[in-house]
Amino acid sequence: MGILKDLNIIVGKTTKAGSMFENLFSGQTFKDIEYSKPSDYVNKYWKEYTSKRIDGGLNGQIFEIIISTLLYRENLLPFYIQAKVAFVPNVYFDIILYSLECGPISLSLKTSLRERYKQADLEAIALKYVHRKAKSYLLTMEEREGKSVKDKIKTGDVIGIDDVVICSLSDIDDLISKLHSIKLSLAGSVDIIESTQIVK
């Protein structure tokens with residue numbers, strides 16, 4: 001589990017998901033996997049994982065590692081995993097990138113959606129309340145449910161999420177291309193209060 005830990009994609013001594021991910025293609029790390037486009041990378045890993053999985057409880061963690069390693073392979077750096085954003089209380093975002101153009105870009109990762117898209121939408125609304133130009137994308141492997149939420153965005157029933165990205169389709173290729181077109185940076189630190197006049 002050295003490479004994932006070295007890159008900070010996983011933390012701690014060992015994780016079941018990290019071990020499983022690193023053993024999916026024996027003798028190869030994620031840096032060695034050849035792919036023609038981002039959706040090809042995601043599908044290779046997801047198909048290999050779903051053909052071997054024993055514990056369905058790892059789906060979300062494996063999906064997070066797949067997307068994190070894809071961002072790394074695409075040199076979309078830096079990005080934050082399980083991140084809190086200043087003034088957005090009680091929310092841990094799955095992945096956040098920070099751009100000079102629009103501030104935070106959140107990637108909410110759900111292998112399947114059902115009613116969980118509502119949580120992602122609330123989180124996106126909370127983020128945009130503080131960072132007006134922020135972008136929020138909901139990434140999923142579930143094609144039918146993903147298209148249903150896309151329709152809800154069009155009708156205005158979902159208002160915080162900018163788009164649903166179905167990662168088994170070309171949606172993820174389009175998102176990665178969009179991310180390549182903006183300038184990513186580390187997020188700056190925020191002073192809670194700034195003033196030249198402080199009365200103590």
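Here, residue 1 is the first one in the sequence, and each next residue gets the next number. Side chains included, hydrogens not; waters and symmetry mates left out as well; all remaining heavy atoms used.
Here the straight-line distance linking atom OG of Ser112 with atom NZ of Lys110 works out to 9.5 Å at 0.5 Å rounding. Atoms CG and CD1, from Leu76 and Ile67 in turn, are 11.5 Å apart once rounded to the nearest 0.5 Å. To the nearest 0.5 Å, the span separating SG on Cys102 from NZ on Lys183 amounts to 14.0 Å. Here Leu97 contributes atom CG and Ile105 contributes atom CD1; the two are 5.5 Å apart, rounded to the nearest 0.5 Å. Rounding to the nearest 0.5 Å places CD1 of Ile172 at 11.5 Å from OG of Ser177. Considering CG of Leu169 and OG of Ser39, their distance stands at 8.0 Å, rounded to 0.5 Å.
Both Trp46 and Ile10 sit in one connected hydrophobic cluster of ILVMFWY residues. Membership requires side-chain heavy atoms under 4.5 Å apart, directly or through other members. Under the 4.5 Å side-chain heavy-atom criterion for Ile, Leu, Val, Met, Phe, Trp and Tyr, Leu109 and Leu113 are members of distinct hydrophobic clusters. Leu138 and Val42 end up in different hydrophobic clusters when Ile, Leu, Val, Met, Phe, Trp and Tyr side chains are linked at under 4.5 Å. Hydrophobic clustering (side-chain heavy atoms under 4.5 Å, transitive across Ile, Leu, Val, Met, Phe, Trp, Tyr) keeps Val165 apart from Val158.
Ring geometry, Phe21 versus Phe30: the interplanar angle falls from 30° to 60°, so the pair is classed tilted.
Under a 4.5 Å side-chain heavy-atom cut-off, the cluster of Ile, Leu, Val, Met, Phe, Trp and Tyr residues that includes Ile125 is completed by Ile159.
Using a 3.5 Å distance cut-off with no hydrogens or angles, the side chains of Asn59 and Tyr49 do pair a donor with an acceptor. Residues Tyr41 and Ser36 bring no donor and acceptor atom of their side chains to less than 3.5 Å of each other. No donor-acceptor contact under 3.5 angstrom links the side chains of Asp162 and Ser136, judged on distance only.
Within a 6.0 Å sphere centred on CZ of Arg132, heavy atoms belonging to other residues, nucleotides or ligands number more than 12. The number of heavy-atom neighbours closer than 6.0 Å to CG of Asp32, taken from other residues, nucleotides and ligands shown, is above 12. In this structure, Lys52 places its NZ atom where more than 12 heavy-atom neighbours from other residues, nucleotides or ligands lie under 6.0 Å away. For Phe25, the CZ atom is densely surrounded, since the number of other residues' heavy atoms within 6.0 Å is greater than 12. Within 6.0 Å of the OH atom in Tyr129, the count of heavy atoms belonging to other residues, nucleotides or ligands does not exceed 12.
Summarising the geometry of Ile161 relative to Ala124, their closest heavy-atom pair is N-CB, 3.9 Å, with the distance given to 0.1 Å. Across Ala86 and Val130, no two heavy atoms sit closer than the pair O-CG1, 4.0 Å. Of all the heavy atoms in Lys31 and Leu7, the pair that sits closest is CE-CD1, 4.5 Å. Between Glu101 and Ser181, the shortest heavy-atom contact is OE2-O, 4.4 Å. Considering all non-hydrogen atoms of both residues, Ile166 and Asp171 come closest at N-OD2, 3.1 Å. The shortest heavy-atom contact between Asp40 and Tyr35 is OD2-CA, 3.2 Å.
Side chain of Gln61 to main chain of Gly18: no donor-acceptor pair is present (N/O by atom type, distance under 3.5 Å, no hydrogens or angles). Put simply, the side chain of Asp173 never gets that close to the backbone of Lys37: no donor and acceptor are under 3.5 Å apart. Here the side chain of Ser106 pairs no donor or acceptor atom with the backbone of Phe93 at under 3.5 angstrom. Panel note: side chain Arg116, backbone Thr111; no donor-acceptor pair is recorded below 3.5 Å. Remark: side-chain polar atoms of Gln82 are not paired, donor with acceptor, to backbone N or O of Tyr92 under 3.5 angstrom. At least one donor-acceptor pair under 3.5 Å links the side chain of Glu145 to the backbone N or O of Arg114. In this structure, the side chain of Tyr80 engages the main chain of Ala187 through a donor-acceptor pair within 3.5 Å. Distance alone, capped at 3.5 Å, is enough to place a donor-acceptor pair between the Asp121 side chain and the Gly160 backbone.
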Legend entry - Audit row: Ser108, Leu139, side chain to side chain contact (heavy atoms under 4.5 Å, CB included) steps and yes/no: CA-CA 6 Å; Ser108 182; Leu139 279 63; over 6 Å; no
Legend entry - Residue pair Leu71, Ile176: steps toward the side chain to side chain contact (heavy atoms under 4.5 Å, CB included) verdict: CA-CA 8 Å; Leu71 292 174; Ile176 295 298; 4.1 Å; yes
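Applying the salt bridge (Lys or Arg N to Asp or Glu O under 4.0 Å) rule to Glu115 yields the partners Lys118; only residues at least two apart in sequence or on another chain are considered.
Results of the salt bridge (charged side-chain N to carboxylate O under 4.0 Å, His left out) test with Asp163 over Lys150, Lys178, Lys152 single out Lys150 as the only residue that passes.
Phe79 and Tyr98 have their aromatic ring centers separated by at least 6.0 angstrom.
A salt bridge links Lys147 and Glu143; the closest N-O separation between the charged side-chain nitrogens and carboxylate oxygens is under 4.0 Å.
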